[in-house]
Amino acid sequence: MKVAGFHMATPSAQARKVVRHLNKGLQLLNHIVKEERTRIMQLKREKALKRRNALLAHMVKIMHEQGASDQSIRQALPGLDQFVKFATRKGPVSPSQKPDEEAPAPDPDEEPLGLLLSQVETQPVHWLWDKHIPLGKITLLDGDPGMGKSLLAINLAARVSSGLPMPDGTPGPQGGVILIAPEDGAADTLRPRLEAAGGDPSQVLLLNRVEGLDTKKRAVIDRPFSLAHDLSLLEKAIKRTNALLVVLDPLMAVLGHTIDSSRDQDIRAVFTPLAQLAERTGCAILMIRHLNKGTSHNALYRGAGSIGIIAAARTGLLVAQDPYDEHKRILATTKNNLSQKAPHLSYQIGENESGIPSIQWLEENTHPLSTLLNAGPNLSRERQQLLQVLKDADAPLGPQELAELTGQKYTSVRLTLSRMHAVGEIRRPSRGKYTTLHHPSLLHKSKQTQTTETSDTTDTSGTLDTTDTLDTTDTLDTTDTTDTLDTTDTILPDLANVRTCHPHSPLDRWCNVSQEIPNFLPHLRVVSRYSSVCYNEGGA
């Protein structure tokens, strides 16, 4: 390039590439320097804290030796701590400085209280099971007794211990597992079920009991594991086994006898350090809990204990019975603060040749959570039959058809359908016809309605189409008299040839009698609660 008599060389592609690599190298070096500075400051802080605690412990020891009581030492601790804090400060302290003088400027190398968010390195969410169980977080698994919650947890533990894919086919990491399950036998339940699911027992640590000091007996005893007192032991076990999953089954058995599960403050006092432990170790914590006897349609309010339990969990899972099949169960997601909720998965409980139960995973499903909560373990066989027939049918069915297909009495079928519709378990697209909540016929009917509405907007002639305005197969269902409305509610929109027999009927005041409409319903007599309505030839 030539500018004002001078020749300027254009940088070559090779030179630009070198500059880009140099910039990347400088950015990496700057990042390393920042990380190293943070690490050094953290080491300094830990060293100062250790020195401070050592001095404090030495002063407490002196007070003990001088005969001070525990109560006196507790009262003196705040003052001793302040003394140690200033005694261990770096730099000379000027004796001539008066109390009312301004304090010296803080040391620029001194680490500020807390942690600046800019010092936190961003990272993506890591999953033990994609969209179901995150690593480094708490996951809660709720369900009624008999739904296979413990068996499901053992199935997941087996997959982690052997590196098998997860139930939906997504890859799963391999690592250690810690089981805390005091209500199940290790020899006849836990190990056989783990091996039946393809797990590796050498990668699973059972931590039901730990050593503890009994102050009354003044001896070391073997006692049950407690979340309230043994989190430090759990963290050591996680690091020693490189565990990726900890299973607490059930939660209430390992919470600790001093913790009130319905008191929010007690729960948060345990779950806050537990969540911090999970984050430090990168281990997934899976807790199993029973449902309460409530009737709420919100799954988050159905778990036993304080609402703080599900609040501490980042993901919540629910196992429930399939409303269409008493032999199937459903794993659903009730809460997910880290991603979109995963689809529901069906499973059933089978047995191998030795009679050991195991989970058999099936297809996905779309049942609403409210339906799963209403179904429960006591779903009647009659209701299951009705749901299954409605699901398999090509179109909505009436009570008479359902009674014939299921072999149930017509009166009981009609009553059961009414109750199921009232609680939102089924839909009633037309009078006297029922179907499931997500039946394909509902989508087809919705498309037809949209098409009809579009065609109606383009028709400005105002001509009455008698083939569309009155469909006696939909409006007059003679098989279900309890669900059929009063006939005036159905016929009134199409009253073109109406003559009321009562001279003071309200119908005469708003219905226009027309002689131009074809005689499409000759000799039909309809009796209403207000008057007798007669359809005569010619509208006379």
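This structure is a prediction, so every number in the text was calculated from the model and none was measured.
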A.B. asks: To the closest 0.5 Å, what do you measure between CD (Q385) and CD (Q408)?
C.D. replies: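 That separation rounds to 5.0 Å.
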A.B. asks: Could you grab the distance from atom CG of L251 to atom CD1 of I267, nearest 0.5 Å is fine?
C.D. replies: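 Reported value, rounded in 0.5 Å steps: 7.0 Å.
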A.B. asks: Taking salt bridge (Lys or Arg N to Asp or Glu O under 4.0 Å) as the definition, give me every residue that meets it alongside R329, ordered by chain and number, with sequence neighbours left out.
C.D. replies: none
A.B. asks: Which side-chain N or O atoms in residues 171-179 pair as donor and acceptor under 3.5 Å with protein atoms at least two apart or in another chain?
C.D. replies:
| unit_1 | atom_1 | unit_2 | atom_2 | d |
| --- | --- | --- | --- | --- |
| Q174 | NE2 | S161 | O | 3.4 |

A.B. asks: Within this structure, what is the CD1-CG distance for the pair I180 and L206, rounded to the nearest 0.5 Å?
C.D. replies: 9.0 Å
A.B. asks: Short question: side chain of N155, backbone of L151 - any donor-acceptor pair under 3.5 Å?
C.D. replies: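 Checking the backbone N and O of L151 against the side chain of N155, no donor-acceptor pair under 3.5 Å is found.
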A.B. asks: Would you say S150 and D249 are linked by a side-chain donor-acceptor pair, where the criterion is simply a distance under 3.5 Å?
C.D. replies: yes
A.B. asks: Could you tell me whether the side chains of S262 and S306 share a donor-acceptor contact shorter than 3.5 Å?
C.D. replies: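 No, S306 and S262 have no side-chain donor paired with an acceptor closer than 3.5 Å.
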A.B. asks: K335 side chain to A313 main-chain N or O, any donor-acceptor pair under 3.5 Å?
C.D. replies: yes
A.B. asks: As a quick check of understanding, evaluate salt bridge (Lys or Arg N to Asp or Glu O under 4.0 Å) for R314 and E279, giving each step before the final call.
C.D. replies: CA-CA 12 Å; R314 297 301 86 195; E279 185 174 2; over 6 Å; no
A.B. asks: Keeping the roles fixed (side chain from T334, backbone from G316), state whether a donor-acceptor pair exists under 3.5 Å.
C.D. replies: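 Here the side-chain-to-backbone pair exists.
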A.B. asks: Does a side chain donor of either N336 or T333 reach within less than 3.5 Å of an acceptor in the other side chain?
C.D. replies: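 N336 vs T333: no donor-acceptor pair found between side chains.
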A.B. asks: According to the interplanar angle, ranging from 0 to 90°, do the rings of W361 and Y347 count as parallel (below 30°), tilted (30 to 60°) or perpendicular (above 60°)?
C.D. replies: tilted
A.B. asks: Taking CD in E363 as the centre, count heavy atoms belonging to other residues, nucleotides or ligands within less than 6.0 Å. Is the count above 12?
C.D. replies: yes
A.B. asks: Look up atom CZ in R427 and atom OG in S441, then write down how far apart they are to the nearest 0.5 Å.
C.D. replies: 9.5 Å
A.B. asks: With distance as the sole criterion, is a donor-acceptor pair present between the side chains of Q388 and D392 under 3.5 Å?
C.D. replies: yes
A.B. asks: When rounded to the nearest 0.5 angstrom, what distance separates CD1 in I359 from CZ in R193?
C.D. replies: 9.0 Å
A.B. asks: Does K409 come within less than 4.0 Å of E382, counting only side-chain N to carboxylate O?
C.D. replies: no
A.B. asks: For residues D130 and T170, is any side-chain donor paired with an opposing acceptor at under 3.5 Å?
C.D. replies: no
A.B. asks: Rounded at 0.5 Å granularity, tell me how far CD1 in I330 sits from CG in D322.
C.D. replies: 4.0 Å
A.B. asks: Given side chains that start at C-beta, do those of K149 and L152 come closer than 4.5 Å, heavy atoms only?
C.D. replies: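 Not touching, per the 4.5 Å side-chain cut-off.
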A.B. asks: Is R419 atom CZ crowded by more than 12 heavy atoms from other residues, nucleotides or ligands, each under 6.0 Å away?
C.D. replies: no
A.B. asks: Taking R263 first and then D266, would you say they form a salt bridge - that is, a charged N and a carboxylate O separated by under 4.0 Å?
C.D. replies: yes
